[in-house]
Structure formats: C-alpha cells, structure tokens
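The structure under discussion appears below in the form of structure tokens.
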Amino acid sequence: MMRKMSSPDNPSQSRPAKDLSPSSERDFFRELGVQTFINAAGTYTLLSASLMLPEVVAAMSYAAKHFVDIDELQTAAGERIAELLGCEAAMVTSGAAAALTVGTAACLTGEDPVRVRQIPDLTGLKGEVIIQRAHRFLYDHAIRNCGVKFNLFKYLRMGFDLVTFSGGKGIRGPQNAGLLLGRKDLIRAARLNSSPNGDAIGRGYKVSKETILGMVVALETYLKRDSEAETKEWERRIQLLANSLADIEALKVEIFTPAIANHVPHLKVTWNLDSLKVSADDIRQQLRAGTVSIEAVPTYSYEAAEDCEEIRFGVWMMQPNEAETVAQRLREVFRQASPISSPAKKDG
Ligand SMILES: *Cc1c(COP(=O)(O)O)cnc(C)c1O
C-alpha cells in the first residue's frame with residue numbers, strides 16, 4: 001500500500017495529554033512508546049473512554065495531597081451527589097459494572113454484616129427475592145447503556161430502587177469511576193459490600209479519594225455544561241466530516257445517531273470494493289499511521305452489511321480543532337484510494 005502523509009494544520013492541539021498537565025515537561029506516553037491519537041470514535045473503554053476536564057484533574061491532584069478517612073469522604077461525596085441529582089442516596093463506585101455487582105450484593109445482603117461476609121454463598125437467602133432483583137437489574141443495565149448522556153434525572157424519577165451510570169464516559173469523570181444511586185438503605189448496604197470493607201465481595205472494587213472527589217467535580221461540571229452549544233458543535237463537526245467526503249462518488253456518507261450507547265451524531269461511510277479498491281481495514285490502518293494518529297469507531301461495535309466496506313466515526317470525544325484535522329485526513333486517504341485519482345494501483 002502506498003503511504004503518503006501530509007502534516008496537519010495544528011498538530012499541537014491534537015495532543016490532549018499536554019493540556020491536562022501544562023506544568024509537566026515530560027511526554028510520558030512518548031517515553032513509554034505509547035501512541036496517543038485523536039479519538040474519532042467515542043467513549044470506548046479500550047480507547048480510554050473520555051478526557052477529564054481540567055476541573056476534574058485539579059480536584060484529583062488536590063485530593064492526592066491530603067489524607068482523609070475514606071468512609072467519611074464517601075459519605076460526604078454521596079450526600080453531595082444525591083443533592084445534585086435529587087435522589088435519596090449515592091455512592092461512587094469503581095465503574096458502572098462494579099456498581100451492578102455491589103448493587104446486586106446490596107439487594108442480597110441488606111445491611112446484615114453476616115450476609116455481607118457470606119455471599120457469594122447464597123445458602124439461606126430467599127430465592128424469590130434474588131430473582132426479582134436480578135430482573136430489575138436487567139432493566140438497569142439497558143438504562144445505563146443509553147442513560148449516560150441525557151437522562152440522568154429521568155430514570156431516577158421512574159422509580160427504580162437503584163440506578164447506575166458510568167463515570168468515565170459522557171460525564172467525563174475518572175475512567176475507573178461510576179455512580180450508584182437510589183434508596184438510602186440499599187446504598188448503605190452496597191457500601192458494606194464494597195471497599196474499604198475488607199471482608200466483602202466488592203473489596204477489589206476499590207475507589208481512591210482522588211476518584212471519589214474527581215467524580216463529584218465531574219458531575220458538578222457536567223450539570224453546568226451548555227448542552228445546547230455542545231450539541232451544535234457536534235453537529236458542526238459531523239457536517240465537516242461529511243462534507244469532506246461529499247464529492248467522492250464511490251462513497252455513501254450518512255449521518256446517524258445510535259439508539260443506545262454513544263447516543264450522539266456519528267458518520268457512517270460505506271462503499272463497494274468494485275467502485276473503490278480499498279478495504280475499511282486499510283483505511284483504518286492509514287488513519288492510525290498518519291502524522292497524527294486517528295482512531296475510528298472500533299469494528300466490534302457494529303456489523304457491516306455483506307459485500308460492503310464500512311467505517312464509522314464519532315465526534316463527541318474530539319478536542320477543539322481536531323474535527324478539521326480528521327476531515328482533511330479522511331479526504332486525503334479516501335482520495336488516494338480512489339481508482340480515478342490514484343494511478344498506482346499495484347499492491348505492495
Ligand atoms: C462503559 C460501558 C459499560 C460499563 O461501564 P464501566 O463504568 O466501564 O464499568 C457498560 N455498558 C456500556 C454500553 C458502556 O459503554
């Protein structure tokens with residue numbers, strides 16, 4: 001494959017790691033040989049999900065300088081979060097998946113310390129109760145998937161006993177944070193089933209003081225954001241990407257919003273190998289290998305139609321000016337691939 005790269009307009013602005021630690025002179029990821037990239041995908045765990053806002057980083061670095069009692073902090077943070085969201089009680093967990101586990105455990109054990117020690121051995125615990133709660137959690141699972149962005153309040157008002165959100169996705173808290181919200185007694189029980197309690201099923205789901213405080217500040221910041229301006233900016237970016245490919249005839253370019261998870265505008269580019277001799281994998285590799293590396297939506301999250309090449313992009317995790325860089329680069333790789341504009345069709 002031919003590889004001709006041109007430098008982007010503003011490479012410095014596509015290095016978010018620098019923005020987060022302006023005082024640091026070390027380029028840690030470069031030292032380790034770890035590639036940073038423009039996230040043209042979305043909040044994917046494998047791609048490190050989201051970038052924390054400076055307010056969150058500042059809170060975490062503040063927390064790192066002080067000793068506190070973790071229980072006292074968790075209680076205070078929970079009260080603050082509950083107040084912000086208008087729910088009965090809350091706790092910070094080590095992610096939404098951990099919240100499902102300690103939330104389920106809470107339903108099984110209540111505040112009985114003997115049961116907290118006993119599970120996952122369910123001997124003597126009532127079967128019907130377990131099934132009923134598990135059923136509820138199936139709903140919670142689906143809700144969490146689509147709820148991260150717009151629906152923080154709605155689900156609480158629907159009357160669920162417990163609701164969980166990932167903290168490191170759209171809310172842009174620490175990646176290993178999550179929220180468990182709901183009934184006071186169940187949150188107390190969930191905390192009994194979690195670190196710092198040493199003899200509990202959730203001891204491994206440890207949440208640091210930095211994460212707890214970072215999550216509180218992420219939530220405060222999230223609730224204050226100008227979501228209308230944010231939505232407009234996403235639409236501008238997606239239009240920019242779409243326009244950059246508009247005159248390449250072999251491509252079908254569509255803007256769509258997934259129904260669940262990453263429920264924000266995306267770009268779907270499809271083509272046929274008969275009209276454009278390049279695979280989606282090739283395009284993906286070329287985007288990665290450019291002067292500024294660009295990551296598209298991971299293939300595991302969708303299925304391309306048969307006999308059809310497909311690549312997808314999400315814009316909501318892009319930093320300022322990155323959409324311009326991506327649009328330019330997208331146009332470049334697709335135009336190089338076009339049989340019309342590329343005379344060198346021989347592979348290798
Ligand atoms: C991230 C994510 C989860 C898990 O959340 P964590 O906070 O990473 O545990 C579950 N479902 C979907 C759709 C997600 O995107």
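Read the numbers this way: they start at 1 and go in the same order the structure lists the ligands and their atoms.
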### Query
How about T291 and R329: does a side-chain donor come under 3.5 Å of a side-chain acceptor?
no
### Query
Should we say atom OH of Y62 is surrounded by more than 12 heavy atoms from elsewhere, each under 6.0 Å from it?
no
### Task
Please could you name the atoms of ligand 1 that G95 approaches to less than 4.0 Å, counting only its heavy atoms?
7 (O), 9 (O)
### Task
Could you tell me whether A96 and ligand 1 have an N or O pair separated by under 3.5 Å?
yes
### Task
Pull out every atom of ligand 1 sitting under 4.0 Å from any heavy atom of K169, numbered as shown with elements.
1 (C), 2 (C), 3 (C), 14 (C), 15 (O)
### Any donor-acceptor N or O pair under 3.5 Å, side chains S279, D281
no
### Query
Looking only at N/O atoms, are A97 and ligand 1 under 3.5 Å apart anywhere?
yes
### Message
Tell me whether Q175 has any N or O atom under 3.5 angstrom from an N or O of ligand 1.
### Response
no
### Query
Based purely on interatomic distance, does T43 place a nitrogen or oxygen under 3.5 Å from a nitrogen or oxygen of ligand 1?
no
### Task
Sequence neighbours left out, what passes salt bridge (charged side-chain N to carboxylate O under 4.0 Å, His left out) with R236? Give chain and number order.
E233, E324
### Summary
Only residue of R191, K184, R188 satisfying salt bridge (charged side-chain N to carboxylate O under 4.0 Å, His left out) with E111 is R188
